[in-house]
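These notes are about the structure you will find just below.
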Amino acid sequence: MSGGGRAINVLSVAEKPSVAKSVATLLSRAQGMRVREGRSRYNKIFEFDYSIRGQHCRMLVTSVTGHLMELDFEERFRKWHSCDPADLYAAPVRKFVPQDKMDIKRTLEEEARRCQWLVLWLDCDREGENIAFEVIDICTAVNCNLTIKRARFSALIEREIHDSVQNLVEPNQWFADAVDARQEIDLRIGASFTRFQTMLLRDAFVIDSAADDRNLVLSYGPCQFPTLGFVVERFWEIQSHEPEEFWTINCSHRSEEGIVTFNWMRGHLFDYTCAAIIYEMCVEEPSATVTRVRQQEKFKYPPHPLSTIEMEKRASRYFRMSSEHTMKVSEELYQAGFISYPRTETDNFSARTDLHAIAQEQQGHPVWGSYAQRLLDPSSGLWRNPSNGGHDDKAHPPIHPTKFSGGETNWSQDHHRLYELVVRHFLACVSQPAIGAETTVDIDIAGEQFVASGRVIIAKNYLDVYRFESWGGSVIPTYVPGQQFIPTTLTLDSGVTRPPPLLSEADLLNCMDKAGIGTDATMHDHIKKLLDRFYATKDQNMRFSPTNLGEALVMGYDDMGYKLWKPNLRSMMEFDMRAVSEGSKTKAEVLETCLQQMKACFVDARSSKQKLMEAMAVFFERAARTARDEQHMMGEVVRLCGLCHQSNMVLKRNRDGNLMVGCLGFPQCRNVVWLPGSVSEAVVTANICNSCRPGPVYMIQFKFRRLEIPPNYSVDHLGCIGGCDDTLQQLTEICGTGSRMSARAGAPTPSSTSVHRTNSRQQACSNCRQLGHSSTSCPSVTSGTRNSRSRREDQQDGGLSISCNTCGASCPLKTANTANNKGRKFYSCQSEGCNFFVWEDSLQNGGGRHGANGGASNSRAHSNSLGGRGRRGRGGRGSNNATDGTFVSATGDPVSGRCYVCGDPSHFANVCPNRYA
DNA sequence: GCAAGGTC
C-alpha cells in the first residue's frame with residue numbers, strides 16, 4: 001500500500017463489532033492488523049495502515065452496538081403524574097447516551113481526539129444513518145476539526161469494501177432526520193396513550209391477568225397495537241362466521257387399477273334445489289364419458305434464499321418455535337460463527353458470493369453431506385443458481401451457514417434444528433426444482449363435468465434435502481378419451497363453510513410484513529409484547545387469540561371510531577418518513593403536522609373515554625362500585641312481569657354487556673326481553689304506554705348507534721318493550737340482540753374490515769342467540785321474541801312446538817313451502833348441530849315414523865357422508881327421513897329423490913347402506 | 001412504569 005505525505009489517523013466506526021472486524025480484516029488483508037481493547041469489552045479496536053486515494057492513513061476501526069443514544073422526555077415530565085398526558089405532545093425531549101453505552105461513548109471520545117478523519121461504516125439504511133449522526137455528535141463534541149466521511153457498502157466483500165473506502169461520500173442528513181422524526185412521534189404517542197389508558201382503566205376494573213394489578217401497564221404503541229388489531233380482527237371474523245351449508249356431487253370409479261375420486265367442476269353450490277336437480281340429472285343418465293386426458297410436467301420450486309422473516313415463519317411452522325426464541329437461538333449461532341448475520345431482509349445472493357464454497361463445507365455431514373456431494377458433482381445436474389426473492393437491504397446477505405458443524409455438544413435441540421434449517425434451506429435453494437408428471441382426467445356425466453388428477457414424482461431434487469416440504473403423489477389408473485364407464489358411486493354430499501383459523505405466528509408475521517409493521521429485527525418483539533402485556537395468548541397450536549383485555553381495548557377504540565388499532569397510522573408515518581428521507585418534506589414539518597393530528601386524536605379519544613370504559617365493562621367487573629353503579633346494576637323498573645305477575649322487570653345489562661329487560665324473579669321466572677344490539681344508551685322514562693297490559697309499562701328512551709341501524713330509522717327513539725312497538729321489533733330483527741351483533745352484520749358482503757362480532761366466548765343459545773342460557777331453557781320460546789333464525793321462508797306456525805326426541809330442545813312447527821310438500825307442516829329442531837325433523841302428519845298417524853332412533857341414526861349416517869370435510873354447524877341442519885322418501889335440506893325444504901346406488905326412493909345415495917358394497 | 005429501533 002503506497003502513501004504520500006504524513007499519515008493521518010482515521011477513526012472508522014461500524015454498527016456492530018462483527019462488521020468492524022470484517023471491514024478491518026478485508027481492508028488490511030489481515031496483514032499488519034493489531035487488535036486492542038476499548039472501554040467496552042465487546043467493541044474492540046482494530047489498527048492497521050492503509051492508503052485512501054494516495055493519502056497514507058493509520059486506520060482505527062471500532063464499533064458501536066446499534067443506537068448509541070435514546071430519546072426521552074426531560075426529567076420533569078418522566079413521572080407519570082408529573083403532567084397531563086396531552087402535554088407529552090409538546091414536552092421537551094432530549095437525546096442522551098444511556099448508562100450501559102457510556103463505555104462506548106468514552107472509547108469514541110478518546111479515539112476521536114487523536115484522529116483527523118471520522119469514517120462512518122454504519123449499516124446503509126435509515127437507522128444506520130441516524131446512528132452515524134449519533135457518532136458524529138459524540139466525536140465532534142471532543143474534536144471539532146474532524147473531517148467526516150461516510151462509507152457506503154452493500155456487502156462485506158473485499159472489492160466492495162475497498163471500493164467504498166476509496167469513494168467516500170457525505171453522510172445523509174435526510175435519512176437521519178426521518179429516523180429522528182419517527183423516534184419522536186413513537187415516543188410521544190406511545191407515552192401519552194399508555195399513561196392515559198393505564199391510569200384510566202387499571203384501577204377501575206378488576207383485570208384478572210397474571211400481573212399484579214399495580215404493575216400492570218396497558219401500553220399503546222404504533223406497532224404493538226396494530227399487531228394486536230390483526231389478532232382481534234381475525235378473532236371477530238371467526239366469531240361472526242355464519243356457517244352456510246353447501247352441496248356437492250362426488251363421483252368415484254373403481255377399476256382393476258384402483259379407485260379414483262372425481263371432483264365436480266362446479267365445486268359446490270349453496271342452493272340445494274339446484275344441486276339436487278343436477279344430481280338427479282346425473283342419476284338419470286349416470287354413464288360417464290372420458291372427455292380429456294392431459295399429461296403435464298409440473299415443477300415445484302425450492303424456496304428463495306433465507307431472510308429473517310422467512311426463517312421465523314419456517315421455524316414456527318416446522319419446529320413450533322416462537323419468533324422470539326428463533327431470534328435468540330439464531331443470534332447465538334451467529335455469535336459462535338455458524339451462520340451469517342440473522343437480521344436481514346435480503347433474499348437474493350450477490351453474484352459475488354461463492355455459493356459452491358458454502359456447499360462444499362457441508363460435504364462431510366453425516367446426514368446431508370452426501371446430498372451436498374451430489375449437488376457439487378457437475379454430472380448430477382442438481383446445481384441451480386438460486387432464485388431472487390426481490391428483497392435487498394444492501395447491508396447483509398441472506399442467512400446461510402458460515403461454518404460446518406456436525407452439531408456442538410453445548411447446543412440445545414433448537415440450536416440443532418435451526419442450524420439444520422439454515423443449512424438445508426441453503427442447499428435447497430441452490431438445487432433444481434422437483435419435477436412431477438401430472439395426469440388430469442376430465443369426464444362428463446349428463447353434461448356435468450368432473451375431474452380427477454394424479455401425480456407421479458419424476459425427480460425429487462431439492463426435496464431430497466429439504467425434508468420440511470413434501471409434494472404428494474397419487475397414482476391414477478389409465479383412462480383414454482372416449483372411454484365410458486358407470487361410476488361406482490355418485491353421491492350428493494353436503495358440507496358447511498367454516499370460519500378461518502386463528503392467526504398462527506407465521507400468519508401474524510405475514511400480516512405485519514405486508515402492512516409494514518416493525519422491521520425484520522423487531523417483529524418478534526411486538527408479538528412477544530402482546531403476550532407480555534396480557535393482550536393475547538398463544539395456544540398449543542401456536543395460534544393467537546386476544547385476551548379479554550386485548551379485545552376490550554381494541555373494541556373501545558373501535559367504538560370511538562378510531563382506527564388506532566389498524567396499521568394505517570404506521571403506514572401514514574412510514575409515508576412521511578420516506579418523504580423526509582427523500583427531502584420532499586422536512587423533519588420539522590412532519591413532526592408538526594403529525595403531532596398536531598395525533599394530539600387532536602388523543603384529546604378526542606380522551607373525551608370519549610366512556611367508550612373505552614364501556615368496552616372494558618363488557619369483560620371486567622368494576623373495581624369499586626359507586627352508588628350510582630349499584631343502582632345501574634340493580635336496574636330501573638320497566639313494568640310488572642307479565643309472566644310470573646310477581647316481580648318487576650328491570651332494564652339492565654347482563655354481564656356480557658347486552659341490554660335487557662329481565663324479571664327480578666330470576667331464576668324462578670326467566671322472562672326477559674332482549675334489546676337491539678345497536679342500542680348505545682337506554683333510560684327508563686316516566687312515560688307510560690297506553691296500550692300494553694298489565695300496566696303500567698314505562699317507556700324507554702333509546703339511543704341507537706347510527707352506523708348500526710338502517711338510514712331510515714332515527715337514532716333517538718322513545719319505545720315500549722310491551723309488544724306494541726313495531727320500530728323496536730324491527731330493529732331487534734335487523735340488528736340482532738347481542739350488544740355487539742351489530743347491523744354491520746347485515747351488510748351484503750362483510751369484509752375483513754367490517755366484521756361483526758359477539759362479545760363473549762360463551763356458547764349462545766341456538767334459539768334466540770343470547771347468552772346465559774341454552775336453547776332448552778330459552779325464555780324467548782315462550783315469550784315469543786322473534787329472532788333472526790326464524791327469518792326464513794318457512795312459515796312458523798303460531799308458536800307451537802314439541803320437544804326434540806334427540807336433544808330435548810324446542811322444535812317449532814313450520815310450514816313447508818316447496819312444490820312437493822307445499823303447506824305440509826313439520827317440526828324441526830332449533831338446536832345447533834341437531835338434525836331432528838319430523839312431519840306433523842306423521843305424528844298424527846301414530847308417531848312411529850320419526851322416533852329418536854330414526855333421527856339419531858339418520859344424523860349419524862349424514863355426518864359420515866361429510867367424510868370429515870366439515871362439521872355441521874348452525875344452519876347446517878339437514879335430516880334424512882328414511883321412511884318418508886324425502887330429504888330435508890338446510891332450509892327445511894323437503895325434496896324428493898331416490899338413491900342412485902340401490903334405487904330406493906326412501907333415501908339418497910350418500911346414506912345408502914350399500915354405498916360401498 | 002410509556003414507544004420503536006438498533007444490538008450484546
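Below, read A as the first sequence line, B as the second, and so on, with proteins coming before strands; counting in each chain starts at 1. The shown structure was predicted, so the numbers you read here are calculated from the model rather than taken from an experiment.
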May I have all residue pairs that pass side-chain hydrogen bond (donor to acceptor under 3.5 Å, both in side chains) and include part of residues 65-78 of chain A, sequence neighbours excluded? H67(A)-E127(A), H67(A)-E134(A)

Does any donor atom in the side chain of E110(A) or T107(A) lie under 3.5 Å from an acceptor atom in the other side chain? no

Between protein and nucleotides 2-8 of chain B, map the contacts as a letter string: B base, S sugar-phosphate only, - none, heavy atoms under 4.0 Å, written 5' to 3'. BBBBBSB

Could you work out, with ring pair (Phe, Tyr, Trp, His ring centres under 6.0 Å) as the rule, every residue matching F426(A), not counting sequence neighbours? F349(A)

Before we go on, tell me: are the rings of F196(A) and W80(A) under 6.0 Å apart, centre to centre? no

Within-4.5 Å side-chain heavy-atom neighbours: T308(A) and M327(A): yes

